Engineer: 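Just dropping this structure here.
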Amino acid sequence: MPLLDVKALSAGYGDLVAISEISFSVEKGELLALIGANGAGKSTLLKTIVGSMSSTSGSIIFKGKEITSEPDYKRVKDGISLVPEGRRLFPSLTVEENLLVGAATDRRGPWNLQAIFKLLPIVEKLKDRNAARLSGGEQQAVAIARSLMSNPDLILLDEISLGLAPVVVEQIYAALPDIRKEGLSIILVEQDLKRTLKVADKISCLLEGHLVLQGKPSEFSHKQITDAYFGHSLPSFSDSVMGVK
């Protein structure tokens, strides 16, 4: 049984359909990279999975339980955590206070302040500083740390390298293997295809709200992936790879 099973999921804004009939699954300990150009529906899909946005049809099954109608706070308690685009820290709180907010779910697991400080030493150095006084890279590290403090089974990382200096991005990606050691599953939204393909167990590509390619990175050539990404003439994949019903 997959950890997360998304079936024919659709969502939108008013009359605008942002994602349509999306189906995929994530196994325990797996990293799924969600790729696609700007406006493809990636962030909408993450928001729908975490419950900050309602679906219009389809279902979300997490750890064998239907959660499609659950509010977002219950999904966090179930073990789903989102690191949103833009980080969204509490600016008036210190870094340590932001981390303790993440721990408010009282879920048991490996992640506490000591484990976080070992994983991300930069966060320990900043623990007494207000979040409003952090750089973009520092904010991103704290946002990831806060999410881990909820001890999730599934973490959703939305554009974690957007606008950051390359050296900061390298530090964040270097921490991913240690984050995954405990069997944590990850859905990663990332614009950098080269970096994404190095870390992903599976990829799913969205184009204008539709799933147009999915499978292991090794199953595709670079051209096949970029064609799907940019919506160029798509090759003929099998139905199972393309996600076609």
Side-chain angles (χ1 to χ4, degrees), residues 3-4 26-35 42-43 46 49-50 76 79-90 93-105 107-129 131 133-204 217:
L3 178 73
L4 176 73
V26 179
E27 303 292 336
K28 178 178 173 60
E30 192 169 59
L31 192 155
L32 170 69
L34 192 61
I35 63 175
K42 305 182 300 296
S43 293
L46 294 191
I49 292 170
V50 82
V76 173
I80 302 177
S81 184
L82 171 67
V83 179
E85 183 181 354
R87 295 109 197 186
R88 298 185 187 176
L89 301 177
F90 295 99
L93 300 184
T94 67
V95 166
E96 184 168 333
E97 288 169 339
N98 269 277
L99 297 185
L100 294 176
V101 169
T105 58
R107 284 178 53 83
R108 293 186 178 184
W111 297 108
N112 52 35
L113 287 176
Q114 290 70 36
I116 291 295
F117 293 157
K118 183 178 179 181
L119 175 73
L120 298 166
I122 186 175
V123 174
E124 182 175 19
K125 293 177 182 177
L126 300 169
K127 65 186 178 76
D128 297 320
R129 187 181 298 182
R133 296 178 52 222
L134 303 180
S135 70
E138 291 167 344
Q139 289 180 13
Q140 190 63 282
V142 174
I144 293 171
R146 181 180 63 180
S147 190
L148 289 173
M149 284 288 288
S150 69
N151 279 294
D153 298 304
L154 173 66
I155 188 169
L156 314 178
L157 303 175
D158 194 3
E159 300 283 12
I160 59 171
S161 66
L162 186 65
L164 302 186
V167 64
V168 177
V169 176
E170 289 293 341
Q171 292 171 0
I172 291 174
Y173 271 83
L176 284 180
D178 287 327
I179 292 174
R180 298 180 66 191
K181 278 181 181 177
E182 303 295 335
L184 179 65
S185 300
I186 298 174
I187 298 180
L188 171 67
V189 168
E190 181 59 273
Q191 294 284 350
D192 188 334
L193 275 178
K194 184 176 179 181
R195 191 185 303 278
T196 300
L197 297 177
K198 285 182 179 179
V199 300
D201 299 310
K202 291 192 310 193
I203 57 172
S204 291

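The figures here come from the full heavy-atom set of this structure, side chains too, leaving out hydrogens, waters and symmetry mates. Note that the structure is predicted; figures quoted are calculated from it, not measured.
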Engineer: How far apart are the C-alpha atoms of Ile203 and Leu32, what are their side-chain angles, what is the distance that settles it, and do they pass the side-chain contact (heavy atoms from CB on, under 4.5 Å) test?
Structural biologist: CA-CA 6 Å; Ile203 57 172; Leu32 170 69; 5.6 Å; no
Engineer: Taking side chain to side chain donor-acceptor pair (under 3.5 Å) as the definition, give me every residue that meets it alongside Glu30, ordered by chain and number, with sequence neighbours left out.
Structural biologist: Lys202
Engineer: Holding to salt bridge (charged side-chain N to carboxylate O under 4.0 Å, His left out), I want the full list of residues that pass it with Glu170, two or more places apart in sequence or in another chain.
Structural biologist: Arg195
Engineer: Rounded to the nearest 0.5 Å, how far apart are CZ of Arg133 and CD of Gln139?
Structural biologist: 12.5 Å
Engineer: Can you tell which of Asp128, Val123, Ile122 makes a side chain to side chain contact (heavy atoms under 4.5 Å, CB included) with Val95?
Structural biologist: Val123
Engineer: Any salt bridge between Asp192 and Lys198, counting N to O under 4.0 Å?
Structural biologist: no
Engineer: Kindly write out the residues that satisfy salt bridge (charged side-chain N to carboxylate O under 4.0 Å, His left out) with Lys28, not counting sequence neighbours, or none if the list is empty.
Structural biologist: none
Engineer: Which residues satisfy the side chain to side chain donor-acceptor pair (under 3.5 Å) test with Lys181, sequence neighbours excluded?
Structural biologist: Asp178
Engineer: Kindly determine whether Ile35 and Ser204 satisfy side-chain contact (heavy atoms from CB on, under 4.5 Å), including the steps that lead there.
Structural biologist: CA-CA 6 Å; Ile35 63 175; Ser204 291; over 6 Å; no
Engineer: With Glu96, which residues qualify under salt bridge (charged side-chain N to carboxylate O under 4.0 Å, His left out), at least two apart?
Structural biologist: none
Engineer: Please assess Leu89 against Leu134 for the test side-chain contact (heavy atoms from CB on, under 4.5 Å), listing each intermediate value before the final yes or no.
Structural biologist: CA-CA 10 Å; Leu89 301 177; Leu134 303 180; 4.3 Å; yes
Engineer: So Leu100 and Leu93, do their side chains get closer than 4.5 Å, heavy atoms only?
Structural biologist: no
Engineer: For Thr94, give me all partners under side chain to side chain donor-acceptor pair (under 3.5 Å), at least two apart in sequence or on another chain.
Structural biologist: Glu97
Engineer: Mind checking the CD1-CD1 spacing from Ile144 to Ile179? Nearest 0.5 Å is all I need.
Structural biologist: 6.0 Å
Engineer: Hey, mind stepping through Asp201 and Arg180 against side-chain contact (heavy atoms from CB on, under 4.5 Å) and telling me if it holds?
Structural biologist: CA-CA 12 Å; Asp201 299 310; Arg180 298 180 66 191; 2.5 Å; yes
Engineer: Which pairs of donor and acceptor atoms, one on a side chain in residues 145-160, lie under 3.5 Å apart (sequence neighbours left out)?
Structural biologist:
{"residue": "Arg146", "atom": "NH1", "partner": "Arg88", "partner atom": "O", "Å": "3.2"}
{"residue": "Arg146", "atom": "NH2", "partner": "Arg87", "partner atom": "O", "Å": "3.2"}
{"residue": "Arg146", "atom": "NH2", "partner": "Arg88", "partner atom": "O", "Å": "3.1"}
{"residue": "Ser147", "atom": "OG", "partner": "Ser81", "partner atom": "OG", "Å": "2.3"}
{"residue": "Ser150", "atom": "OG", "partner": "Ser147", "partner atom": "O", "Å": "2.7"}
{"residue": "Asn151", "atom": "OD1", "partner": "Trp111", "partner atom": "N", "Å": "2.8"}
{"residue": "Asn151", "atom": "ND2", "partner": "Arg107", "partner atom": "O", "Å": "3.4"}
{"residue": "Asn151", "atom": "ND2", "partner": "Trp111", "partner atom": "O", "Å": "3.0"}
{"residue": "Asp153", "atom": "OD2", "partner": "Lys63", "partner atom": "NZ", "Å": "2.8"}
{"residue": "Asp153", "atom": "OD2", "partner": "Arg107", "partner atom": "NH2", "Å": "2.9"}
{"residue": "Asp158", "atom": "OD1", "partner": "Ser43", "partner atom": "OG", "Å": "3.3"}
{"residue": "Asp158", "atom": "OD2", "partner": "Ser43", "partner atom": "OG", "Å": "2.8"}
{"residue": "Glu159", "atom": "OE2", "partner": "Gln191", "partner atom": "NE2", "Å": "3.1"}

Engineer: Taking side chain as C-beta onward, heavy atoms only, is Leu46 less than 4.5 Å from Ile187?
Structural biologist: yes
Engineer: Under a 4.5 Å cut-off applied to non-hydrogen side-chain atoms, are Glu190 and Leu197 in contact?
Structural biologist: no
Engineer: Does any part of the side chain of Phe117, heavy atoms only, come nearer than 4.5 Å to the side chain of Leu99, both counted from C-beta?
Structural biologist: yes
Engineer: Hey, does the side chain of Ser185 reach the backbone of Gly29 with a donor-acceptor pair shorter than 3.5 angstrom?
Structural biologist: yes
Engineer: Glu138: which residues meet the side chain to side chain donor-acceptor pair (under 3.5 Å) condition with it, sequence neighbours left out?
Structural biologist: Ser135
Engineer: Which pairs with one or both residues in residues 111-121 pass salt bridge (Lys or Arg N to Asp or Glu O under 4.0 Å), sequence neighbours excluded?
Structural biologist: none
